[in-house]
J.: 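Structure below; questions to follow.
Start at 1 with the first residue, then count along the sequence. If you're wondering where the values come from, they're calculated on a predicted model, not measured in any experiment. Remember, it's 1-based here, ligands and their atoms both numbered in the order they're listed.
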Amino acid sequence: MSTIAAFYGGKSILITGATGFLGKVLMEKLFRTSPDLKVIYILVRPKAGQTLQQRVVQILNSKLFEKVKEVCPNVHEKIRAVYADLNQNDLAISKGDMQELLSCTNIVFHCAATVRFNDHLRHAVQLNVTATQKLLLMASQMPKLEAFIHISTAFSNCNLKHIDEVIYPCPVEPKKIIDSMEWLDDAIIDEITPKLIGDQPNTYTYTKALGEMVVHQEGGNLNIAIVRPSIVGATWQEPFPGWVDNLNGPSGLIIATGKGFLRALRATPMAVADVIPVDIVVNLTLAVGWYTAVQRPKSTLIYHCTSGNLNPCYWGKMGFQVLATFEKIPFERAFRRPNADLTSNTFTTQYWNAVSHWAPAIIYDFYLRLTGRKPRMTKLMNRLLRTVSMLEYFINRSWEWSTCNTEMLMSKLSPEDQRVFNFDVRQLNWLEYIENYVLGIKKYLLKEDMAGIPKAKQHLKRLRNIHYLFNTALLLIAWRLLMARSQMARNVWFFIVSFCYKFLSYFRAPSTLKV
Ligand SMILES: CCCCCCCCCCCCCCCCCCCCCCCCCC(=O)SCCNC(=O)CCNC(=O)[C@H](O)C(C)(C)COP(=O)(O)OP(=O)(O)OC[C@H]1O[C@@H](n2cnc3c(N)ncnc32)[C@H](O)[C@@H]1OP(=O)(O)O
Ligand SMILES: NC(=O)C1=CN([C@@H]2O[C@H](COP(=O)(O)OP(=O)(O)OC[C@H]3O[C@@H](n4cnc5c(N)ncnc54)[C@H](OP(=O)(O)O)[C@@H]3O)[C@@H](O)[C@H]2O)C=CC1
């Protein structure tokens with residue numbers, strides 16, 4: 001029997017961000033391995049016209065939870081959705097709910113965050129810093145609390161090249177930032193944001209670093225640990241390979257490449273693609289929860305959940321494998337054939353942007369206009385290239401994360417726990433993982449049917465023929481124009497034609513002799 005699974009049995013667990021990518025996989029694993037847990041409280045807000053209950057039902061009815069429903073048939077009774085909005089100062093939790101949470105919770109997993117790189121600083125601070133502060137305050141009033149696990153990111157200190165499992169000081173104290181957000185107006189915040197974030201690339205990594213500092217400063221006597229995952233990708237093994245349900249990290253760019261929109265990317269092929277499967281992150285997080293509660297380490301331990309130092313994959317290799325997978329498993333209704341280049345040269349990137357992104361988009365919009373339809377490709381391209389520019393920082397650099405605490409924890413696990421809560425990234429086969437990732441995007445994100453693959457392949461063949469035809473026509477037109485204007489071009493043309501003629505006559509002569 002797994003010690004970790006047994007530990008969560010009978011426990012009341014509070015999860016924030018349970019409706020997010022990581023939160024859902026965390027909840028699934030908890031129910032699957034510890035079906036006898038008492039209750040999982042999830043802090044949820046209504047969204048997109050759905051009530052809390054509708055959101056929970058939607059999650060439970062998804063493919064991700066199919067196995068859980070077999071192992072834990074009464075799973076719906078064990079989830080308690082609590083209305084909360086972490087954007088509000090009091091978190092908008094009702095008095096009754098608050099009392100229940102305070103008196104019953106044994107473990108807190110704080111996953112909620114805004115992960116948007118370009119979020120307004122006020123909003124990012126509210127969610128990633130102030131809400132963390134409020135949750136710590138709540139946790140300090142929970143008499144039965146055994147551990148508080150905070151999910152941060154390995155990129156919270158991405159202004160450094162080598163990152164240890166420690167909290168680095170912030171140039172401005174989080175408390176001062178929180179205070180200033182209360183009285184500064186949006187325009188002034190916009191103005192000072194670049195100065196405040198300094199050498200951090202965006203408000204997300206900046207506020208995640210502030211969030212860690214808040215945990216460090218205001219954790220008091222709580223039993224706290226911080227997990228820092230790198231770029232979280234689709235599931236590796238559990239509950240099944242390739243599950244993913246949002247565009248974050250590489251997923252959006254894989255779609256854009258597979259659909260033929262993205263044909264070139266400013267990325268360093270030899271930079272480490274520090275992607276980590278979401279089930280590895282979840283297994284580590286649950287092991288950390290157990291260890292923190294049972295061993296009660298004297299200080300707050302930080303765990304890096306990264307792949308680069310133990311089993312590195314590079315952006316070049318990843319791109320190559322993604323393209324190879326499209327040969328076998330193409331996406332439907334592609335705009336162009338998937339074929340992209342990675343280049344670290346800015347000039348080449350601009351050239352490819354003009355030739356491979358803007359030109360086809362403008363031509364296609366022209367065609368749409370001619371056929372009486374609304375042009376949309378240039379707008380889409382604009383958004384795509386803006387997104388790409390936001391991600392470029394992370395695909396042109398490599399970082400080194402030390403993983404001493406993570407390795408220490410692995411060594412403390414029994415062989416059974418190492419199997420059930422496997423977070424050994426050395427066992428991951430990248431080629432297989434990437435193939436399953438692309439397949440998972442097709443199935444679970446794009447919701448495309450596998451039966452449509454032959455048709456998608458035919459569509460790509462048609463696109464290839466159009467591509468060849470278009471290029472040939474373009475070449476002929478260019479040549480015709482050149483011939484009309486340049487004597488030199490005419491001379492070259494004459495030389496080529498007479499050479500071909502002589503070449504053919506040479507072969508014709510012996511064959512005529514034979515006859
Ligand atoms: C041999 C060689 C062969 C070579 C072959 C070459 C082959 C090449 C193969 C290529 C594949 C392999 C390479 C993969 C590279 C991966 C890089 C990953 C780096 C990630 C690092 C993460 C590190 C930090 C990790 C963390 O700790 S954080 C967790 C990660 N956090 C995020 O990933 C948030 C990202 N997003 C945003 O930050 C916001 O989204 C924002 C983007 C600002 C827009 O923001 P905005 O302009 O305001 O507009 P939106 O409305 O948001 O979006 C506007 C529209 O863009 C859509 N869209 C949102 N996102 C994405 C996204 N990703 N990708 C694509 N589209 C996206 C959205 O759907 C909407 O489309 P629509 O619905 O309009 O059609
Ligand atoms: N994805 C990645 O690549 C990485 C993620 N991380 C960290 O992992 C954690 C989880 O990320 P991930 O699952 O990918 O992110 P998602 O964007 O998928 O999920 C974010 C979660 O936070 C919730 N949330 C956001 N705003 C509020 C609010 N005002 N009130 C209540 N809940 C709110 C969302 O709820 P709702 O559904 O209502 O929007 C959602 O459940 C984050 O802390 C992130 O920083 C770290 C490294 C990489």
J.: Given I13, which partner from the list L37, I42, V39, T105 fulfils the side chain to side chain contact (heavy atoms under 4.5 Å, CB included) test?
T.: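 Running side chain to side chain contact (heavy atoms under 4.5 Å, CB included) over L37, I42, V39, T105 with I13 returns exactly one hit, L37.
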
J.: Would you please classify the geometry between the W401 ring and the F155 ring as parallel, tilted or perpendicular, with 30° and 60° separating the classes?
T.: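 Ring orientation of F155 relative to W401: perpendicular.
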
J.: Would you mind running through ligand 2 and noting each atom that sits below 4.0 Å from a heavy atom of N87?
T.: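 What qualifies from ligand 2 is 29 (N).
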
J.: N/O of D85 under 3.5 Å from N/O of ligand 2, yes or no?
T.: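 It does: an N or O of D85 is found under 3.5 Å from an N or O of ligand 2.
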
J.: Give yes or no for whether the N/O distance cutoff of 3.5 Å, strictly under, is met between V115 and ligand 2.
T.: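 The answer is no, given that V115 and ligand 2 share no N or O pair closer than 3.5 Å.
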
J.: Using a 4.0 Å cutoff against the non-hydrogen atoms of A112, which atoms of ligand 2 qualify?
T.: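 Reading through ligand 2 atom by atom, the close ones are 22 (O), 23 (C).
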
J.: For atom 4 (C) of ligand 2, which candidate among L22, V232, L26, N246 provides the closest heavy atom?
T.: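 Considering heavy atoms of L22, V232, L26, N246, the nearest to atom 4 (C) of ligand 2 sits in V232.
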
J.: Could you check whether any heavy atom of Y204 sits closer than 4.0 Å to an atom of ligand 2, since that is the contact criterion I want to use?
T.: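 Yes.
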
J.: Would you call K328 and E435 a salt bridge, taking side-chain N to carboxylate O under 4.0 Å as the test?
T.: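 Judged by the 4.0 Å cut-off on N to carboxylate O distance, K328 and E435 do form a salt bridge.
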
J.: Test of understanding: with salt bridge (Lys or Arg N to Asp or Glu O under 4.0 Å), list the residues that count as partners of K24, not counting sequence neighbours.
T.: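 Salt bridge (Lys or Arg N to Asp or Glu O under 4.0 Å) check on K24 returns D245.
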
J.: Examine the proximity of ligand 2 to S152 and report which part, side chain or backbone, both or neither, has a heavy atom under 4.0 Å away.
T.: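 The part of S152 near ligand 2 is the backbone, not the side chain.
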
J.: Assess the residue pair K208 and E212 against the criterion (salt bridge (Lys or Arg N to Asp or Glu O under 4.0 Å)); give the C-alpha distance rounded to whole Å, side-chain angles, the decisive distance to 0.1 Å, and a yes or no.
T.: CA-CA 6 Å; K208 288 299 274 188; E212 287 185 3; over 6 Å; no

J.: Using a 6.0 Å cut-off, check whether atom OH of Y351 has over 12 heavy atoms from anything other than its own residue.
T.: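 No, because the 6.0 Å sphere around OH of Y351 holds 12 heavy atoms or fewer from other groups.
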
J.: For atom 27 (C) of ligand 2, what is the nearest protein heavy atom, given as residue, atom name and distance?
T.: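 Result for atom 27 (C) of ligand 2: R45 CZ, 3.5 Å.
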
J.: Between K63 and F240, is NZ or CZ placed under 6.0 angstrom from the six-membered ring centre and within 45° of the ring axis?
T.: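 Yes.
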
J.: Using 30° and 60° as the class boundaries, would you call the ring planes of Y393 and W399 parallel, tilted or perpendicular?
T.: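 Taking W399 first and then Y393, their aromatic rings sit tilted (interplane angle of 30° to 60°).
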
J.: Can you tell me which portion of L127 lies within the under-4.0 Å heavy-atom range of ligand 2? Options are side chain, backbone, both, or neither.
T.: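 Near ligand 2, L127 shows its side chain, while the N, CA, C and O stay back.
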
J.: Please determine whether a side-chain nitrogen of the Lys or Arg among K457 and E327 lies less than 4.0 Å from a carboxylate oxygen of the Asp or Glu.
T.: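 Here K457 does not pair with E327 in a salt bridge, since their nearest N and O are not under 4.0 Å apart.
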
J.: Which of these passes side-chain hydrogen bond (donor to acceptor under 3.5 Å, both in side chains) with N345: T343, T348, T349?
T.: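 Of the listed options, the one satisfying the test is T348.
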
J.: Could you tell me whether E448 and K443 make a salt bridge, using a distance below 4.0 angstrom between a side-chain N and a carboxylate O?
T.: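 Here E448 does not pair with K443 in a salt bridge, since their nearest N and O are not under 4.0 Å apart.
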
J.: For I151, counting its heavy atoms only, list the atoms of ligand 2 lying under 4.0 Å from any of them.
T.: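 Counting from 1, the qualifying ligand atoms are 7 (C), 8 (O), 9 (C), 43 (O).
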
J.: In terms of the angle between their ring planes, are Y364 and F335 parallel, tilted or perpendicular, with boundaries placed at 30° and 60°?
T.: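 The arrangement is perpendicular - the two ring planes meet at more than 60°.
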
J.: I need the atoms of ligand 2 closer than 4.0 Å to a non-hydrogen atom of F21, numbered in the order shown.
T.: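 Contacts of ligand 2 toward F21, numbered from 1: 13 (O), 14 (O), 18 (O).
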
J.: May I ask you to check if ligand 2 and C111 share an N or O to N or O distance below 3.5 Å?
T.: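 Between C111 and ligand 2, an N or O pair is found under 3.5 Å apart.
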
J.: Which ligand 2 atoms, with their elements, are less than 4.0 angstrom from a heavy-atom of T153?
T.: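 Contacts of ligand 2 toward T153, numbered from 1: 46 (C), 47 (C).
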
J.: Considering only heavy atoms, which of S251, A113, G17 lies nearest to atom 20 (C) of ligand 2?
T.: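 Comparing heavy atoms across S251, A113, G17, the nearest one to atom 20 (C) of ligand 2 lies in A113.
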
J.: State whether the shortest distance between N or O atoms of G23 and N or O atoms of ligand 2 falls below 3.5 angstrom.
T.: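 In fact, backbone or side chain, G23 has no N or O that close.
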
J.: Donor-acceptor check, side chain of R228 to backbone of E165, threshold 3.5 angstrom: yes or no?
T.: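 Judged by distance alone, no pair lies under 3.5 Å.
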
J.: Check each atom of ligand 2 against the heavy atoms of K208 and keep those under 4.0 Å away; list them by number with element.
T.: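 Result: 42 (C), 43 (O), 44 (C), 45 (O).
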
J.: Does this structure show an ion pair linking D97 with R80, if we count only N-O contacts that are shorter than 4.0 Å?
T.: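 Looking at D97 and R80, the cut-off is met.
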
J.: Using the ring of each side chain (for Trp, its six-membered ring), is W430 parallel, tilted or perpendicular to Y433, with breaks at 30° and 60°?
T.: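 Correct class here is perpendicular.
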
J.: To the nearest 0.1 Å, how far is atom 48 (C) of ligand 2 from its closest protein heavy atom, and which atom is that?
T.: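 Looking at atom 48 (C) of ligand 2, the protein heavy atom closest to it is S230 O, 2.8 Å.
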
J.: Sequence neighbours excluded, which residues qualify as side chain to side chain contact (heavy atoms under 4.5 Å, CB included) partners of Q58?
T.: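 Side chain to side chain contact (heavy atoms under 4.5 Å, CB included) check on Q58 returns Q50.
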
J.: At what distance is the nearest protein heavy atom to atom 19 (O) of ligand 2, and which residue and atom is it?
T.: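 Sorting protein heavy atoms by distance from atom 19 (O) of ligand 2 puts G20 CA, 3.3 Å first.
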
J.: So is there a nitrogen or oxygen of T19 less than 3.5 Å from a nitrogen or oxygen in ligand 2?
T.: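 Yes.
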
J.: Can you confirm, on distance only, whether ligand 2 has an N/O atom lying under 3.5 Å from any N/O atom belonging to L43?
T.: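 It does not: no N or O of L43 is found under 3.5 Å from an N or O of ligand 2.
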
J.: So is G249 in contact with ligand 2, going by heavy-atom distances below 4.0 Å?
T.: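 So G249 does not count as touching ligand 2.
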
J.: Can I get a per-line list of side-chain donor-acceptor pairs under 3.5 Å for residues 374-391, giving both atom names and the distance, sequence neighbours left out?
T.:
{"unit_1": "T378", "atom_1": "OG1", "unit_2": "D365", "atom_2": "OD2", "d": "2.6"}
{"unit_1": "T387", "atom_1": "OG1", "unit_2": "R383", "atom_2": "O", "d": "3.0"}
{"unit_1": "S389", "atom_1": "OG", "unit_2": "R386", "atom_2": "O", "d": "2.6"}

J.: Quick check on R55 - does any of its heavy atoms sit under 4.0 Å from an atom of ligand 2?
T.: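 Yes, that is the case, since the closest heavy atom of the residue is under 4.0 Å from the ligand.
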
J.: Can you name the residues that come within less than 4.0 Å of ligand 1, going by heavy atoms only?
T.: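 Close residues (ligand 1, cut-off 4.0 Å): V115, R116, F117, N118, T153, F155, Y204, I231, L247, N248, G249, P250, G252, L253, I254, T257, W315, G316, G319, F320, L323, A340, L342, R383, R386, T387, M390, L391, F394, I395.
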
J.: Enumerate the atoms of ligand 2 whose separation from the nearest heavy atom of L86 is less than 4.0 angstrom.
T.: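 The atoms of ligand 2 under 4.0 Å from a heavy atom of L86 are 28 (C), 29 (N), 30 (N), 31 (C).
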
